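Sequence lines set the chain letters: A, B, ... in the order given, protein chains first and strands last, and positions in each chain run from 1. Keep in mind the model is a prediction, meaning the values are calculated, not measured. All heavy atoms count here, side chains included; hydrogens, waters and symmetry mates do not.
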Amino acid sequence: MLFGTVHQMITIYSAKKIITMNPARPIASHVAVKDGMIVGAGSLSELEGFGEFRLDDRFACKVLMPGFVEGHSHAVEGKWWRYVYCGFFDRMDPHGKIWSGLQSIDAVVARLKEQDASLSDPDTPIAGWSVDPIYYPEKRITREDLDRVSKTRPIGIMHASGHIMNVNSRALELAGFLRAGIENGGLPLGDDGIPTGELRGPDVMMPVGQHAGFDSNMLDFDEPGLVDFGKLCIRTGVTTATDLAAKLDDDLVEIGLEVTSRSDFPIRLSAYRFHHGLTPKELLQHVTQLAEKSTDRFRLGRIKIVADGSIQGFTARINPPGYYNGAPNGLWYIAPEQMLEIYEGALKNSIQVHTHTNGDEATDLAIDMLDKALQKVPSKDHRFTIQHGQLINAAQFRRMATLGFCVNHFANHHFYWGDEHYQLTVGPERAERMNPCRTALDHNIPLAIHSDAPITPIDPLFTAWCAVNRLTGSGRVQGEYERITVDEALYAITLGAAYTLQLDHEIGSIEAGKCADFAVLDDDPIEADPAALKDIGIWGTVQDGRIFDASQL
Amino acid sequence: MQASSDTSSLPEPSTHAADQAADQDLAKPSSLPVTIVGGYLGSGKTTLINHVLNNSSGRKYAVLVNDFGELAIDAQLIESKEGDVINLSGGCVCCSYGNDLISALMQLDTSTIDQVVIEASGVALPGAIAGSLSLLSEFKVASVVVLADGSTVKQQSTDRYIADTIDRQLVSADLVLINKTDLLDSLQVEQVKSWLRNSYPSARTVATRHAEYPVGLFLLDHPLNHIDRDTASGNGNSHTTSIYTTFTLEANNNCDVNELAAKLADAEPGLLRVKGFARNLKGQMQLIQIVGKRWTVQPAPSGAKEGLVCIGLSSDKLSSESVSAILGSV
């Protein structure tokens, strides 16, 4: 060591196998790391040339991949784990506990009763999340079901989709809705003329949910929640994630900057400012200011537009022939002129925009508006990205390819709601081509795939499994044609997603000069049975050269 | 029944039973009236909201807007601004609610407010907002005002992306303001007006420029005694050019007040605004409020005197006789 900056010595990690995602040398046995950067990947003898090093063989029995990149998540998942998990499928919490899926309404009631028993004050509310009654024979949960847990404390459980909530009688009573004479589509009535306790849509969820202990701000992370989100990332091999719809007011930015700067915070988080509540001009101003605060681990200065609603909520904007069950077309959440103004302003100022579209009409709008904006502000390499784009068809991909649009498909959706889409929302033909990853790749559209956590669990290997197998919750293969290969899916959760976040020069592959971000796996996903991709164990991660052992959390 | 007609000047406030009562310290109603201002992007909603904020006439309004973007509040009126809330001198408050209107409503301190005005976003459906409001017992919908850009609304009504949004907005209106008529010639104004009146018969339809529509004609508690003055560029010299006709009807007989209100709301040629008191068949004094085609009846505060202020468009050739005839028919 001479003068000047104190540099760490080179560490060379040996591994059973290193899947680099660098096509020029796809497999390596060793990777050399210095100051959080990859110095090189190759054989030990190749890497020795860099000089003095320390050989670390802790990963000698592990498979290293580039750290996974979750291109569409919401960091608020960490906060939601403070509610009681009531989902149908097994799910891991930030502490590594696997919460078993609840296969019946009785099981939901039993889990809530456990929580009830642990609370001494009989008035304390209980909030639960991720319930999905479509899987139960009854199809619906009623307030009487939840009254079996308690009649004194308000209880609410949010559905997995995030669009519906069930509450007990006490919660209804506190909100003033335990009475006859209510006429509102969001509050279905029982035979007695009194609301059943099902709350459809945010406008009715909010006034009641607050009594059941839900935070009125469903999308903003908080300090302990962000820490817990980081833990989930370690357990699932994620080293870069997104907070894809954030208001990013000063308080939230402060929390984000502080938490991500901690030496033990394990991910790089890219937060996108959503368009709500600001004019296009104000929005562009705000993200420009935010960009100045951006740090390596808290990336700011990008925009998220929400164009329409959701398909299962029948609020997505879809083209003819419309919804399979005849429901009227959905809602716009932005006017076309505003989208155009944001696109133009963003292109002028080199600000990236991700646009949520679920229905194909919303995707048409985004394509039309980007087409117009690019005619006015010709731009190369803007990497505007369609998020979800669940109903995109081949003709739309052909236009997207000419405009430079990327897509990030909601592969997990297929597993959780594919059966519902087949039977109810869009019908068999379109359900089979929802989230069409194969067609996207065939049209040279840069592709990522995502979880939309907390709507579905953050776990890129599971997401890859969904895109490769296209199984629905009931075990049917739905849309065999749209399946992609394991290699393509692994690319989508690393370099593919990094590309859509404009980070592919920093992360997404294991090669000289990039960040030392690794997912540390127990087995080789390329050699594994594609049907078992989701079952590969994850030891933890390395992020910027810092080692995070999931078993030590 | 007697009626007085006045098309050239507005009656003195002292002759208005209705305004007299409204100016008294009314017992706080159990729920706050909410006026929803909707309409597509660029139709003039914010201009209308600006008139409200700059002409509050001592009333305490909570104005909820999607964003502060184009708001033009007189700087002298602003007392403080904190995040999403601007406090104005005189007690008005303005909040931007982003994508969470219901939370913003639930956070309002209703004890300090006379009335709520919601500016819906350009693609929001005012009818859906009204539906959600019906669940919040602290609030009741007073009127749904939808603005239409007279120069573009017909084209918008066939636009590939927004046609159904425009239709769903207009169909929920009690009052449609055709705005930006300064960009049209008189024939075009008449064409748009008759198309809107035929297509959306459940609303009154009025042509305006720069969203100049008197605040008292669409907010329940606003005084009605200077309706020609209380828009931004309105001037006090309109006595001879008033576009509004005002009658005061003395409703001296007991009647079915609900039927009266419904008939007044539906009368053709149309009244834009009715406010005042009449006794029901049991002899109890009731407050009638009509904005556009929406009417409400509720028990009157004590001390109220019979009488109905009726306001319509002079160009509609309203006659006090035809309105009196309605009074006589119930």
Side-chain angles (χ1 to χ4, degrees), chain A residues 175-177 179 181-187 195 199 201-210 215-219 245 247 249-251 274-283 285 306-308 315 317 319 328-339 341 361-362 364-366 368-369, chain B residues 30-31 39-43 45-46 64-71 82-84 95-107 118-125 127-139 141 149 152 156 159-169 171:
Chain A
F177 299 154
R179 58 183 168 88
I182 288 176
E183 288 176 36
N184 186 295
L187 278 173
L199 315 172
D203 287 349
V204 287
M205 283 163 61
M206 194 57 63
V208 191
Q210 58 165 3
D215 190 327
S216 68
N217 203 331
M218 300 292 271
L219 276 181
K247 192 174 171 194
D249 55 24
D250 292 348
D251 292 347
F274 66 43
H275 80 269
H276 299 290
L278 296 177
T279 62
K281 230 175 249 125
E282 291 171 326
L283 177 67
Q285 259 170 19
V306 180
D308 67 344
T315 47
R317 292 291 308 194
N319 281 328
N329 205 351
L331 303 172
W332 292 115
Y333 293 142
I334 188 166
E337 293 88 339
Q338 290 172 315
M339 186 188 279
E341 189 179 345
E361 190 192 6
D364 270 346
L365 177 66
D368 280 351
M369 294 305 112
Chain B
S30 57
S31 50
Y40 192 66
L41 194 72
S43 58
K45 296 184 299 295
T46 306
L64 276 58
V65 297
N66 184 67
D67 54 70
F68 287 140
E70 304 296 322
L71 273 188
E82 266 180 64
D84 297 336
C95 324
S96 94
Y97 59 82
N99 62 336
D100 202 353
L101 172 62
I102 298 297
S103 289
L105 279 168
M106 294 193 315
Q107 282 162 22
I118 295 171
E119 181 193 12
S121 85
V123 288
L125 305 181
I129 294 174
S132 303
L133 274 168
S134 69
L135 294 173
L136 300 174
S137 57
E138 310 94 298
F139 305 99
V141 178
D149 178 339
T152 57
Q156 289 166 343
D159 181 272
R160 183 206 153 167
Y161 290 116
I162 59 164
D164 64 320
T165 302
I166 298 290
D167 179 63
R168 287 151 97 177
Q169 290 179 343
V171 86

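No donor-acceptor distance shorter than 3.5 angstrom exists from the side chain of B:Y161 to the backbone of A:W332, with no hydrogens or angles considered. For A:D203 (side chain) and B:S132 (main-chain N/O), no donor-acceptor pair under 3.5 Å exists by modelled atom type.
Only the side chain of A:L187 has a heavy atom closer than 4.5 Å to any heavy atom of chain B. Proximity to chain B (any heavy atom under 4.5 Å) is restricted, for A:Q210, to the side chain, taken from C-beta onward. Both the backbone and the side chain of B:N66 come within less than 4.5 Å of a heavy atom in chain A. The contact between B:Y40 and chain A is made entirely by side chain atoms (from C-beta outward), counting heavy-atom distances below 4.5 Å. Using a 4.5 Å cut-off between heavy atoms, A:E361 contacts chain B through both its backbone and its side chain. For a residue to count as touching a neighbouring chain, one of its non-hydrogen atoms must lie under 4.5 Å from one of that chain's; by this rule B:L105 does not touch chain A. With a threshold of 4.5 angstrom between heavy atoms, B:L41 approaches chain A through side-chain atoms but not through N, CA, C or O. Only the side chain of A:L331 comes within contact range of chain B, with at least one heavy atom under 4.5 Å from a heavy atom of that chain. For a residue to count as touching a neighbouring chain, one of its non-hydrogen atoms must lie under 4.5 Å from one of that chain's; by this rule A:F274 touches chain B with the side chain only. The contact between B:D84 and chain A is made entirely by side chain atoms (from C-beta outward), counting heavy-atom distances below 4.5 Å.
Heavy-atom pairs under 4.5 Å with chain B peak, among A:G201, A:P280, A:G186, A:G277, at A:G277. Most heavy-atom pairs under 4.5 Å with chain B: of the set A:H275, A:E183, A:E282, this distinction falls to A:E282. Chain B forms more heavy-atom pairs under 4.5 Å with one residue of A:D368, A:V306, A:D250, A:V208 than with any other, namely A:D368.
Counted by atom type alone, A:N319 and B:R160 present one or more donor-acceptor pairs between their side chains at under 3.5 Å.
The side-chain heavy atoms of A:M206 and B:L101, taken from C-beta on, include no pair separated by under 4.5 Å. At least one side-chain heavy atom of A:P207 sits less than 4.5 Å from a side-chain heavy atom of B:I102. Put simply, the side chain of B:L135 reaches to within 4.5 Å of the side chain of A:F177, judged on heavy atoms.
To the nearest 0.5 Å, atom CD1 of residue A:I334 and atom OG of residue B:S121 are 9.5 Å apart.
A salt bridge is defined here as a Lys NZ or Arg NE, NH1 or NH2 lying under 4.0 Å from an Asp or Glu carboxylate O, and B:D164 with A:R317 meets this definition. Ionic pairing of B:D67 and A:K281 is not present here: no N-O contact between side-chain nitrogen and carboxylate oxygen is shorter than 4.0 angstrom.
When all heavy atoms of B:S134 and A:N184 are compared, the closest pair comes out as OG-ND2, 3.7 Å.
The ring-ring contact (aromatic ring centres under 6.0 Å, His included) check on B:Y97 picks up nothing, with sequence neighbours excluded.
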